[in-house]
Amino acid sequence: MSKSAQLIGLSAAQLSEKLQTGEISAVEATQAHIDRIADVDEAVHAFLTGTSDQALQTASEVDRQRAAGEDLHALAGVPIALKDNIVTKGITTTCASRMLADWNPVYSATVAQRIADAGLPLLGKTNMDEFAMGSTTETSAFGPTHNPWDLNCHPGGSGGGSAAALAAYSTPLALGSDTGGSIRQPGAVTGTVGVKPTYGSVSRYGVIALASSLDQVGPAARTVLDAALLHELIAGYDPRDNTSLNAPVAPVVAAAREGATGDLRGVRIGVITELAGEGYQEDVRLRFAENLDALRQTGAEVVEVSCPNIEHALAAYDVLNAAEASSNLARFDGMRFGQRVEPSDGRPVTVDTVMSASRGAGFGLEVKRRILLGIYALSGENYETVFANAQRVRSVVTEELLAAFKAVDVLVSPTSPAPAGPLGDGKENPEALLHSDVGTIAANLAGTPAMSVPAGLSENNLPVGLQIIAPQRADDRMYRVGAALETALQERWGAPLLAQAPALGQMKVEVSK
Ligand code: GLN
């Protein structure tokens, strides 16, 4: 096994350790992942843009700084990939839309800047559903991403590119954005870890907005500890984001290390009754029951909690998401932002015709569907009967979660009702697929943190995830529980679970514990 093939099997924490002792260089770590992408990304298509030259430049700068004895961030030299709705200066940022196909930003998102400042080589920008609308990465204008567990399946969405890149060992770390589950659901169906931090705890400056009252940037990784290391790097106050929390960052790295010992005595875990029954695939329920047993064995107390209105969360989300999206996407008109297209049907070139031609050509069907639905929900008396009602449902769901947290420390559910489906699902039946978010959106409505951790395999060998929800600003609690489950399941399934992906057999990777 070549050194390069060994390096891609390491976690970010392991890479960080070897970089710090000088056992490996940042250039070696980066080159190994660039080679991996060259080998497998034609089949996986996790990346829209590769930035290998820039990554190697960052890596050699880190190596130089380390040789000079400079003080470096623990993740300096550990490569990363960013979802393509995170704005990167000088690097094409498309949001997987024709509308932004050629956009070369003149500034970087705060999270991208923090990552650059800490010396993480950027491998590239990852595929996603267009403007983050979807659950399979198939609404991308640039072709779908394939799930490394089964290349005929989708990798979830909207952040399927980041999750698939992790599962294919093309990167040890990635960032996503989560409006209704877009970090957690792809994590669940690719056997990786996906985290939506507390609303407002990670800056969204320079992250192309979908629904601003729900959007949150978060880490994706293959282990809970890796996600925690990245979480602490990106979280914290940013005066450029007016929803940014000016509060200390939860100590998630310490919590992940504590949880990894497998001891959860004194922790109360609530099972959301309504999110584990009807509509959930049988083997998802089986794994969930096993996961609860594993959690009981850590010493945690597991109790049932009812949130009867959570089933209405999805309908409320659909309205609020569309309403906010229709407003956020108004700026892409071919004049202020986005590709300009002049009418080709003989109409004169006016402000109106250029806007309509630009939006007609630039947006895909799902984006148009949501803009229309959003405008409908906000128009005339619908504002009161549709939009305001959805807001009321949002308040009720939020109150139910808050009430539940009076009795328990964290809440758990399966992340998604089913494992990854075949490619084609997203295009044929977008409405039905929205159902895959049934368990994830409550955390967005309530602004609470939530994460998905690998929770075992379905009957046909596809990963499923367990979701952990914590109260606002108590992100550390879910990391502790997530790490404990990870430890327990490594005993059950062998470590790490991801190494069992059948497609990875052909893609050759040796994973070290
Ligand atoms: N699947 C959800 C949707 O299409 C989630 C989107 C997201 O979190 N960005 O709205």
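Computation of the quantities below employed the complete heavy-atom set of this structure, encompassing side-chain atoms and omitting hydrogens, waters and symmetry-equivalent molecules. From a predicted model like this one, the values you see are computed outputs, not experimental measurements. Counting convention: from 1, in listed order, for ligands and their atoms alike.
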Donor-acceptor under 3.5 Å (Arg240 side chain, Gly206 main chain): no
Validation row, ring centre Phe142 to ring centre Phe47 under 6.0 Å: no
Aromatic plane relationship, Phe131 with Phe332 - under 30° parallel, 30 to 60° tilted, over 60° perpendicular: tilted
Protein residues having a heavy atom less than 4.0 Å from any atom of ligand 1: Ala132, Met133, Gly134, Ser135, Ser158, Asp178, Thr179, Gly180, Gly181, Ser182, Leu210, Tyr317, Asn321, Arg370, Leu434, Asp437
Full working for salt bridge (charged side-chain N to carboxylate O under 4.0 Å, His left out) between Asp117 and Arg114: CA-CA 5 Å; Asp117 291 347; Arg114 281 197 183 201; over 6 Å; no
Passing candidate, side chain to side chain donor-acceptor pair (under 3.5 Å) with Lys125, options Asn85, Thr93, Thr51, Thr92: Thr93
Side chain to side chain donor-acceptor pair (under 3.5 Å) partner of Asp178, chosen from Arg184, Gln216, Lys196: Arg184
